[in-house]
Amino acid sequence: MQGIQLGMIRKVLVCSPRFPRLCSSSKINKQVFHGYACLPRLWCSIASTTALPNSPSSFSTSTTTRKHSEALIYNKHGEPSHVIRMESQELPELGEFGVRVKMLAAPVNPSDINMVQGTYAILPELPAVGGNEGVGEVLEVGNKVTSLSPGDWVIPADAGLGTWRTEAVYNEKTLTKVPHDIPLVCAATLSVNPFTAYRMLHDFETLQPGDTVIQNAANSAVGQAVIQLGTALGIRTVNVVRDRPDFQMLEDRLISIGADYVVTEETLRKPEMKDLFKKIPRPRLALNCVGGKSSIELLRHLQRGGTMVTYGGMSKQPLTVPVSALIFNDIKLRGFWMTQWKKDQPHDSSQLNEMISRLCDLFRAKKLSAPLHTEVPFKEFKIALEASMKPFVSCKQILKM
Ligand SMILES: NC(=O)c1ccc[n+]([C@@H]2O[C@H](COP(=O)([O-])OP(=O)(O)OC[C@H]3O[C@@H](n4cnc5c(N)ncnc54)[C@H](OP(=O)(O)O)[C@@H]3O)[C@@H](O)[C@H]2O)c1
């Protein structure tokens, strides 16, 4: 579906979880999800220089080693499919506070790619193991470990852990326990995108049921989580995506997970958007993943005093703010970085625990799901890396170890 059409602004009644009786249930959702082509995509880079304290390479320096792990390692920065290779690593001794973890699944996120390229805001010492997110099962714990036991599922507490490997010994403090009664792929993709969506919906504006949130890159993993969490909170979402030949399929898919309105970037600039905001309140919150022109359009639709939170820069274009947005509409411009939020939390943060608990409840209630994804066997990592860097796909690549 090409061009600009009023039909691109569609009120959703058919398949929104908010109208369960009108929704044709999981059958339709499955068809929409499985029928959606998993093509690749492209992302932007964020410059940086800081070294990570917890360099994964430190795991290979022990002289007394017992076990081995297969790991995706890079010795220099560059294009991931060129610089990453699979290597066998010796695991260090467990030590008093060590936790031996068998990694089960780990996604390939834009920030992982940017880290390998050397363009992310934090960079590990080289050589490094790739991957910042994932879920593993605890196999063994050191004698002073108190918070974890064999059989527990764990996710990284922070960025830079190096999750693209079959096994590792991590310090207890670098891990967060998660329930293992949620789907594996949900656990593997929990700690970056749903966390980000949750925080942005809770920490910037006090949203009430019936309020509107507008977001660009709505088909990203973060965007999909915003749609589902918004629906669970009774918040309307206006979801902006780039136009594409299969727009209708994408629109249907976002609607099936709860999107209220799906519009293209082109439609966002059209007068018909005014008609939409006669029917629903103007957004109090805009979530900007793209930058450039796209973000200016988000700003234009915010209600007076509203907030735009920038969390990504996929277009690699700067944010140019019309002075009128500040003078006449008193718009607030904020930024969000999950890594910093986690760093600012104490180890056993009640806010973190509450967020995990609420998100897991939503997984169990099937109100929140993992983003559309492809599971790729660990050994075929190059396919996953390449697929994750192509444009116009909303399909997360998840490595299965
Ligand atoms: N600040 C934080 O704490 C935080 C946390 C999580 C994620 N992020 C950032 O959020 C972004 C999305 O992450 P994700 O894992 O959700 O990504 P994802 O699932 O890989 O999706 C990428 C999204 O970016 C869009 N996109 C790609 N290139 C674009 C371009 N040139 N112009 C406009 N849109 C473009 C894609 O749309 P198409 O389908 O049209 O290609 C897609 O919607 C990344 O930049 C990531 O680093 C930030």
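As the structure lists them, so they are numbered: ligands from 1, and atoms in each ligand from 1. Note that the structure is predicted; figures quoted are calculated from it, not measured.
Looking at ligand 1, you won't find any N or O of S111 less than 3.5 Å from one of its N or O atoms. Between P110 and ligand 1, not a single N/O pair is under 3.5 Å apart. Looking at A218 next to ligand 1, no N or O pair under 3.5 Å apart turns up. The N/O atoms of G223, backbone and side chain alike, include none that comes under 3.5 Å of an N/O atom in ligand 1. Considering backbone and side-chain N/O of A221, one or more are found under 3.5 Å from N/O of ligand 1. For ligand 1, the polar-atom distance check against R244 finds a nitrogen or oxygen pair separated by under 3.5 Å. At least one N or O atom of F392 sits closer than 3.5 Å to an N or O atom of ligand 1.
Near V290, the atoms of ligand 1 lying under 4.0 angstrom from a non-hydrogen atom of the residue are 33 (C), 34 (N). The contact set between ligand 1 and T196, taken as ligand atoms under 4.0 Å from a residue heavy atom, comprises 3 (O), 5 (C), 6 (C). For ligand 1, the atoms sitting less than 4.0 Å from at least one non-hydrogen atom of A217 are 43 (O), numbered in the order shown with element in parentheses. Each of the atoms 1 (N), 2 (C), 4 (C), 8 (N), 9 (C), 10 (O), 48 (C) of ligand 1 lies under 4.0 Å from some heavy atom of Y311.
Using a 30° and 60° split on the angle between ring planes, H301 and F277 fall in the tilted class, from 30° to 60°. Using cut-offs of 30° and 60° on the angle between ring planes, the pair H77 and Y74 is tilted.
In this structure, E87 pairs ionically with R85, as a charged nitrogen and a carboxylate oxygen lie closer than 4.0 Å. Electrostatic pairing of D275 and K278 counts as a salt bridge here, judged by a charged N lying under 4.0 Å from a carboxylate O.
At a heavy-atom distance under 4.0 Å, only side-chain atoms of K396, from C-beta outward, approach ligand 1. Neither the backbone nor the side chain of N216 has any atom closer than 4.0 Å to an atom of ligand 1 (non-hydrogen atoms only).
Put simply, the residue from I182, L190, V178 that forms a side chain to side chain contact (heavy atoms under 4.5 Å, CB included) with L359 is L190.
Separation of atoms OG1 (T339) and CG (D344) is listed at 10.5 Å; rounding is to 0.5 Å.
Taking each of K342, Q340, R242, M338 in turn, the one with a heavy atom nearest to atom 34 (N) of ligand 1 proves to be R242. When C289, S388, G312 are checked for heavy-atom proximity to atom 11 (C) of ligand 1, C289 turns out nearest.
By the neighbour-count criterion of 12 heavy atoms within 6.0 Å, atom NZ of K342 is densely surrounded, having more than that number from other residues, nucleotides or ligands. Residue R269 qualifies as enclosed at atom CZ: its count of foreign heavy atoms under 6.0 Å is above 12.
No side-chain donor from either of D211 and Q208 sits under 3.5 Å from a side-chain acceptor of the other.
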Checklist line | Stepwise side chain to side chain contact (heavy atoms under 4.5 Å, CB included) check, L254 with V241 | finding: CA-CA 10 Å; L254 296 182; V241 296; 4.0 Å; yes

